[in-house]
Amino acid sequence: MSRLDDAWAYVDDRLDLERDRGFLGKAFPAEDSFLLGEVALFCFVVLALTGIFLGMFFEPSTSKVTYEGSVAQFQGQDMPEAFVSVLNITYDVPYGMFIRRLHHWAAHLFVASIGLHMLRVFFTGAYRNPREPNWVVGTGLAVLAMGAAYTGYALPFDEFASTATGIGYNLANSIPVVGGLVGKIVFGGEFPSSATIPRLYFLHVLVIPVLIAGLIAVHMAILLRQKHTERARDGDVETERGAVEEDDDDTIVGLPAFPNQAAVSAVVFFLTLATLSLLAGFLPVHNVAAYGPNNPAGTPELIMPDWFLMWVYGFLKILPQWMAFTVPGTGVHVSTEFVGGIVLPTLVIGAVALWPFVDRREEPTHFTADPLDRPWQTAVGVAAVVFVMVASIAGMNNLLADALGTSTGVVNPVLLAGIVVAPAAAGLVTYGVLRGDGAAGGSEVVGDE
């Protein structure tokens, strides 16, 4: 008997785990990893731990202080306290630069892993009855993850970050009727004001993390209650507890939570931490010293958000001005900023959240599906991915125009057309190919399988 077996026997003898395994006996499908969700969870843990470290040294204030740190170009200058504290974290606090980079890359991987996890769930149909509530919760987590990244983006109060944050303030103010109130609630009044950084700091370190932690708890509770989805079996499966029939969806064939899945999760955690450490050690992040403190009279030459918000920025860049209008008889003005920055993103997120109620099944489904056997659902997914990609390219229209040796006035109409035509074309081609494969194979293609 190995030392691991000895340790398990000791714990089992004390806690009687074999008699009532509960969560410890929950099975995790061995052939379908579901590890992207775990990567997201571990990134959130890293974000919380590194955030605690950074919060010990960050000053959420725009009051002017004299800089006396290591960056020679700012020696003796009076600058916002938030900006000075980030300089100190980066260049004077031991391991400060590494922890700041670790926090940065954990935020990016957090959003990316949530997105990839949702794509896997979408294309395999794992959102279907009875798992619609968890899909909605996951959509909320994706939105909160982007919100956390955005509020943190502004905190250094350097020239680049404050200018990018100002775009969000303008979007808040563009909301008809209640825009001014929303701007005051989120940004503390006219941007930038002395209340802006404390307000965004409060949202970034308390409100949004608490909401994320709450939704993660709800997500996990639903998951434990409903069980994982499992890949369809090729036949009956022999297990240590006897044979499991091919269509038995009450029993999951896989690994118990402890010790097997716990060991896998430990490996995933350390691989995630190692990946983030590698990125933090070799790849720089936002260089606040290069941009300098916020200067209301200046604007950086190139302003754009992070990749996960680029699609929203694309809407703002290519929507024509004629889309703005005034509601007759009310005097309420609807701007292109409101349409592109609020209405369209809300419609996109709403469509994602409501998708399980569009592709709905009356009977519970506990097995995942092959995306190749779901022509119209897979076509919709491909079209959505292409839609976001084209919108993101539109957010970089100036770079595209420079690469093509032309102006944004030339590429914008093409991008506006592409944001409609490209997704439709990609979806139709995908649907045609998958329907053709189904017909060629002699099997009937069922709409929701």
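Looking only at side-chain heavy atoms (C-beta outward), Asn88 and Tyr67 come within less than 4.5 Å of each other. With contacts defined as side-chain heavy-atom distances shorter than 4.5 Å, the pair Asp158/Pro293 does not qualify. The closest side-chain heavy-atom distance from Arg100 to Leu54 is below 4.5 Å. At a threshold of 4.5 Å between non-hydrogen side-chain atoms, the residues Leu119 and Val385 count as touching. With a 4.5 Å cut-off on side-chain heavy atoms, Asp306 and His108 count as touching. Side-chain contact check for Trp105 versus Thr275: every heavy-atom pair is 4.5 Å or farther apart. Proximity of Leu155 to Val86: side-chain heavy atoms (C-beta onward) are nowhere separated by under 4.5 Å.
Atom OH of Tyr91 sits in a crowded spot, with more than 12 heavy atoms from other residues, nucleotides or ligands closer than 6.0 Å. Counting heavy atoms of neighbouring residues, nucleotides and ligands inside a 6.0 Å radius, atom CZ of Phe202 does not exceed 12 of them. Applying the 6.0 Å contact sphere to CD of Glu190 captures no more than 12 heavy atoms from other residues, nucleotides or ligands. Dense packing is recorded around CD of Gln73, with more than 12 heavy atoms of other residues, nucleotides or ligands lying under 6.0 Å away. For Met97, the CE atom sits in a packed shell: over 12 heavy atoms of surrounding residues, nucleotides or ligands are nearer than 6.0 Å.
Side chain of Trp135 to backbone of Val352: a donor-acceptor contact under 3.5 angstrom is found. In this structure, His204 contributes its side chain and Thr151 its backbone to no donor-acceptor pair below 3.5 Å. Without hydrogens or angle criteria, Tyr201 side chain to Ser61 main chain gives no donor-acceptor distance under 3.5 Å. Side-chain atoms of Arg199 come within 3.5 Å of backbone N or O of Lys184 as a donor-acceptor pair. Between the side chain of Ser85 and the backbone N or O of Glu59, at least one donor-acceptor pair lies under 3.5 Å. Side-chain atoms of Ser113 come within 3.5 Å of backbone atoms of Phe110 as a donor-acceptor pair (strictly under, hydrogens ignored). Put simply, the side chain of Arg374 never gets that close to the backbone of Pro371: no donor and acceptor are under 3.5 Å apart. For the pair Tyr150 (side chain) and Ala154 (backbone), a donor-acceptor distance under 3.5 Å is absent. Although no hydrogens or angles enter the test, the distance criterion places a donor-acceptor pair under 3.5 Å between the side chain of Thr272 and the main chain of Val268. A donor-acceptor pair under 3.5 Å links the side-chain atoms of Arg131 to the main chain of Thr365, judged by distance alone.
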Can Glu38 and Ser265 be said to form a side-chain hydrogen bond (donor to acceptor under 3.5 Å, both in side chains), step by step?
CA-CA 7 Å; Glu38 293 192 13; Ser265 297; 2.9 Å; yes
Should Phe325 and His333 be marked as a ring pair (Phe, Tyr, Trp, His ring centres under 6.0 Å) after you check the CA-CA gap, both sets of side-chain angles, and the distance that decides it?
CA-CA 6 Å; Phe325 63 93; His333 181 68; 7.8 Å; no
Apply ring pair (Phe, Tyr, Trp, His ring centres under 6.0 Å) to Tyr169 and Phe187, showing your working.
CA-CA 7 Å; Tyr169 173 74; Phe187 296 91; 5.5 Å; yes
Let's go through Tyr127 and Asp359 carefully: what are the C-alpha distance in whole Å and the side-chain angles of both, what is the deciding distance for side-chain hydrogen bond (donor to acceptor under 3.5 Å, both in side chains) to 0.1 Å, and is it a yes or a no?
CA-CA 9 Å; Tyr127 53 80; Asp359 179 28; 2.4 Å; yes
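Ring planes of Tyr153 and Phe160: perpendicular class, angle over 60° (limits at 30 and 60°). By the 30° and 60° cut-offs, the orientation of the rings of Phe53 relative to Phe57 is tilted. Between Phe74 and Phe83, the angle of the ring planes goes over 60°, which puts this pair in the perpendicular group of the 30/60° scheme.
If you take OG1 on Thr124 and CG on Asp370, they are separated by 10.0 Å, rounding to the nearest 0.5 Å. The OG1 atom of Thr50 sits 14.5 Å away from atom CZ of Arg101, with the distance rounded to the nearest 0.5 Å. With rounding to the nearest 0.5 angstrom, the CD atom of Gln77 is 10.0 Å from the OG1 atom of Thr66. His286 contributes atom NE2, which lies 10.0 Å from atom NE2 of His104 (distance to the nearest 0.5 angstrom). Atoms CG and CG, from Leu278 and Leu271 in turn, are 12.0 Å apart once rounded to the nearest 0.5 Å. The structure places CZ of Phe123 at 14.5 Å from OG1 of Thr368, a figure rounded to the nearest 0.5 Å.
Heavy-atom minimum distance, Gly69 versus Asp92: CA-OD2, 3.8 Å. Scanning all heavy atoms of the two residues, the minimum distance from Gly340 to Leu316 falls at C-CD2, 4.0 Å. When every heavy atom of Ala149 is checked against every heavy atom of Phe308, the shortest pair comes out as CB-CZ, 3.3 Å. Counting all heavy atoms, side chain and backbone alike, Val288 lies closest to Pro156 at CG1-CB, 3.8 Å. Among all heavy-atom pairs drawn from Pro356 and Glu132, the shortest one is CB-CG, 3.6 Å. In this structure, Pro176 and Val334 approach most closely via the heavy-atom pair CG-CG2, 4.3 Å.
Between the side chains of Thr408 and Asn397, not a single donor N or O lies within less than 3.5 Å of an accepting N or O.
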